[in-house]
Amino acid sequence: MKPLYGAFAAALVLFATPALALDCDVGMRAFTHAAGETCIPENPQRIASLRDDDVTTPLMDMGAAVFATVSREAEGGPRWVRGAADILGYASVADTGLIDLGGHNPPDVEAVAAAGPDLIIMRGYQIDVLDQLQTVAPTIVMPDDMPFFDHMAWLADAAGIQDRFDAERAAYQTRIAAAKQRIGDPGAIVVSRFDMWDDGLWYYPNWGAIDQVINDIGFAKPALQAEEPEGFNGMSVERIQEFDGDVMLASIAPRWDQTEAMLSAQWDGLAPFWRDLDGVRTGNLFWYERDIMVGYTFESLNRSIDLLTVVTAGRDFN
Amino acid sequence: MNATRTIFAATGFWLCLGGVVLAFLWHISVGAKAIPLGVVWQAITAPQDGVFDHVVVRDLRMPRAIFAISVGAALSVAGALMQGVTRNPLAEPGILGLMAGATFAVIIGIGWFGLAGSAYVPLFAAIGALIGAVLVWTIASAAPGGATPLTLILSGAAVGGFLYAIESAAILLNEDTFRNFRVWLSGSLTGRDMQTYLWALPWFIAGLIAALVIARQVTALAMGEETAAGLGVDTFRIKVIALGAVVVLTAAAVSVAGPLGFVGLVIPHVVRLFVGSDYRLIVPFSAIVGAGYVTVVDIAARVVLAPVEISTGIVTTMLGAPMFIWLVRAKL
């Protein structure tokens with residue numbers, strides 16, 4: 001009899017499963033996110049974003065119907081949207097035309113409710129207010145640490161603009177193919193991301209648009225970076241030679257008053273021999289604006305393609 | 001001291017000094033980058049500019065080892081003096097507010113008022129350490145029963161917590177300005193520049209010399225103020241000099257490494273186990289043993305999670321905190 005009981009139980013589970021699926025109203029659909037499954041509008045028109053740089057900005061970049069966003073305080077200036085300010089050129093949150101929801105950590109639930117969104121997108125660190133936000137509008141939690149295009153595709157799916165995403169991605173692939181053609185043999189050029197802070201060297205793989213482009217064009221990387229799955233900070237500068245490359249890319253954040261001279265002086269204090277690295281000695285250290293090139297936007301991808309093509313195409317690194 | 005004791009002490013001193021030399025050699029021989037011992041030796045004896053391994057040994061490891069030795073000696077001697085003068089077994093720059101004061105002053109003076117430059121760092125640290133010490137002493141003295149070891153510790157904790165809160169507020173209000181202090185605040189010898197050390201060096205030397213000069217009188221003071229006065233010690237003068245030495249040593253150490261907790265607590269107690277209660281021995285032995293201790297601790301900070309380094313202050317605190325708890329149970 002036991003096999004019969006087992007088969008009965010399996011059949012029960014099988015037939016019961018569809019009944020467990022979320023039953024959404026007309027015009028809504030079930031959407032899986034980091035905190036479960038929620039019914040969201042099929043075509044949301046009033047998206048409230050609770051994270052500016054990696055939610056609001058990519059949504060704006062892809063033309064989604066984002067209408068309210070969290071923002072940041074600026075010393076002596078208007079509040080601004082990180083990412084959109086540097087990548088898309090909106091100096092203040094007012095310039096974006098979006099409703100300002102205030103700070104992001106923690107988000108202001110009353111401000112979100114007053115805005116009247118039909119979809120709220122939040123990040124995992126804000127989960128404490130998820131239940132409150134669910135009473136305002138369908139709220140979804142974006143998973144952490146997704147690869148670049150998974151990140152963009154997830155947002156596009158939530159915002160109901162998958163077609164736009166597909167078109168942008170196809171255009172991107174065309175640009176990558178063109179860049180490869182211009183560069184010739186990208187696999188023969190070692191591109192190293194080189195960043196140093198007062199506790200040592202740091203590196204994060206899959207760091208926004210710039211890394212996506214480095215990978216998609218197919219540049220070689222220093223072994224240390226190619227083999228690093230999660231990233232690190234505070235690596236001893238004794239290992240600095242392992243960051244050498246034909247082309248070295250260092251990030252800089254002018255928004256935070258960083259200048260090339262300032263960072264160079266800091267590096268001179270930490271490890272003056274950074275200037276002896278081949279990539280530096282041969283004049284192949286290039287600075288890129290961090291807030292633009294690591295952003296989650298197609299604009300960031302395009303600018304990264306431009307940068308990497310300019311510094312590598314038609315040049316002999318042997 | 002009788003002749004046998006003198007010979008015993010001298011032998012011990014040279015042995016400890018040998019230990020520091022060995023710790024120094026160990027420090028410059030290991031690290032995130034594997035460098036053969038022969039190359040390390042070559043880097044010391046016949047350095048070549050173009051050889052990267054030589055550069056690592058001479059420009060990174062050797063200065064850092066020197067910083068570790070200096071900071072270890074300074075904090076240990078400061079702790080020994082404080083324990084002797086206050087007759088408080090739990091006294092040390094970290095617990096009695098000097099380190100918090102020094103750190104606070106550097107953060108506010110350089111970060112907030114924008115008075116950049118290595119030369120200012122020891123000066124700000126000294127002012128802060130002095131203010132921290134005076135605050136702690138004043139608050140403890142105002143408590144019922146006066147400045148006992150317990151009230152001093154509680155007062156030190158309160159002052160330290162208060163200054164830390166202001167530091168945190170200052171950092172929160174201007175994260176960009178204070179970002180450079182992040183590692184230094186955790187007590188670290190990573191990325192310290194030689195210029196700051198050279199500005200702090202006279203402070204190290206002055207503090208250590210002052211401590212050695214007053215060591216005999218501190219021995220008397222450690223037996224009690226009346227006893228010391230009976231032995232002809234000008235107790236007020238010695239206390240002022242001791243305070244000056246402690247402030248100067250703490251300031252110099254904080255300038256170079258940020259706040260390294262518990263070094264000044266652990267080392268004098270360890271030294272006392274071997275040399276007794278004579279500060280003519282405690283002071284020099286604390287300097288030597290403290291120098292070796294921080295050098296070895298810094299090796300651990302560099303290699304335990306290699307190639308990533310952790311702050312030296314994290315290791316000193318992990319080692320010192322159990323000692324502090326034991327002392328509280330045993331001596332309070």
Side-chain angles (χ1 to χ4, degrees), chain A residues 72-77 82 103 105 195-204 222-225 227-228 230-244 252-259 262-281 290-291, chain B residues 28-35 40 49-61 63-64 114 116 118 172-197 258 298-299 301-314:
Chain A
R72 290 171 197 251
E73 200 170 354
E75 203 175 333
R82 187 170 189 184
N105 194 16
D195 289 290
M196 191 159 43
W197 203 242
D198 52 355
D199 57 351
L201 296 153
W202 56 271
Y203 174 78
Y204 294 103
L224 184 80
Q225 296 179 11
E227 293 160 10
E228 178 56 42
E230 293 178 355
F232 51 78
N233 56 25
M235 176 175 280
S236 169
V237 293
E238 291 183 10
R239 303 282 292 271
I240 202 167
Q241 276 188 318
E242 294 170 60
F243 282 73
D244 208 349
I252 185 166
R255 173 163 286 282
W256 311 109
D257 297 328
Q258 289 180 1
T259 63
M262 187 190 101
L263 289 177
S264 299
Q266 188 181 31
W267 294 357
D268 284 339
L270 282 170
F273 39 82
W274 71 275
R275 294 181 183 276
D276 297 332
L277 296 172
D278 285 341
V280 181
R281 267 194 311 104
R290 186 158 64 228
D291 284 281
Chain B
I28 64 171
S29 302
V30 297
K33 189 175 194 330
I35 301 177
V40 172
D49 284 344
V51 179
F52 182 71
D53 286 352
H54 290 188
V55 174
V56 167
V57 172
R58 293 184 69 88
D59 290 359
L60 282 178
R61 295 183 183 174
R64 184 165 173 161
S118 306
L172 271 175
L173 288 172
N174 199 346
E175 284 188 40
D176 301 327
T177 304
F178 291 103
R179 197 169 287 158
N180 288 339
F181 291 102
R182 187 176 53 94
V183 175
W184 177 82
L185 271 173
S186 66
S188 174
L189 295 163
T190 305
R192 300 299 105 201
D193 68 290
M194 186 50 91
Q195 194 58 47
T196 303
Y197 177 75
D298 191 48
I299 293 169
R302 290 166 57 224
V303 302
V304 165
L305 297 178
V308 172
E309 296 181 355
I310 53 175
S311 291
T312 317
I314 293 173

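Here is how names work: the chains are called A, B, and so on, in the same order as the sequence lines, proteins then strands, and each is numbered from 1.
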Visitor: I'd like to know whether CG of B:D49 has more than 12 heavy-atom contacts from other residues, nucleotides or ligands below 6.0 angstrom.
Guide: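 No, the 6.0 Å shell around CG holds no more than 12 heavy atoms from other groups.
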Visitor: Given heavy-atom pairs under 4.5 angstrom as the criterion, report whether the side chain, backbone, both or neither of A:D276 touches chain B.
Guide: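 Looking at A:D276, nothing touches chain B.
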Visitor: Any carboxylate oxygen within less than 4.0 angstrom of a Lys/Arg side-chain nitrogen, looking at B:K33 and A:E242?
Guide: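 Between A:E242 and B:K33 there is no salt bridge, as every charged N stays at least 4.0 Å from the carboxylate O atoms.
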Visitor: When rounded to the nearest 0.5 angstrom, what is the spacing between CD1 in B:I310 and CG in A:D199?
Guide: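 B:I310 atom CD1 to A:D199 atom CG measures 12.5 Å (nearest 0.5 Å).
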Visitor: For chain A, which candidate among B:L60, B:V56, B:T190 shows the most heavy-atom pairs at distances under 4.5 Å?
Guide: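 Looking at each of B:L60, B:V56, B:T190 in turn, B:L60 comes out on top.
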Visitor: Could you list the residues that satisfy ring-ring contact (aromatic ring centres under 6.0 Å, His included) with A:W267, not counting sequence neighbours?
Guide: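 Scan of A:W267 (ring-ring contact (aromatic ring centres under 6.0 Å, His included), adjacent residues dropped) gives A:F194, A:W274, A:W287.
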Visitor: Taking all atoms of both residues into account, what is the closest heavy-atom pair of B:A32 and A:R239, and its distance?
Guide: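 B:A32 and A:R239 have their closest heavy atoms at O-CD, 3.4 Å.
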Visitor: To check you understand the geometry: which heavy-atom pair defines the closest contact between A:F273 and B:D59, and what is its length?
Guide: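 Closest heavy-atom pair between A:F273 and B:D59: CE2-CB, 4.4 Å.
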Visitor: About how many Å separate CG of B:D53 and CD of A:E238, when rounded to the nearest 0.5 Å?
Guide: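 Between atom CD of A:E238 and atom CG of B:D53 there are 9.5 Å.
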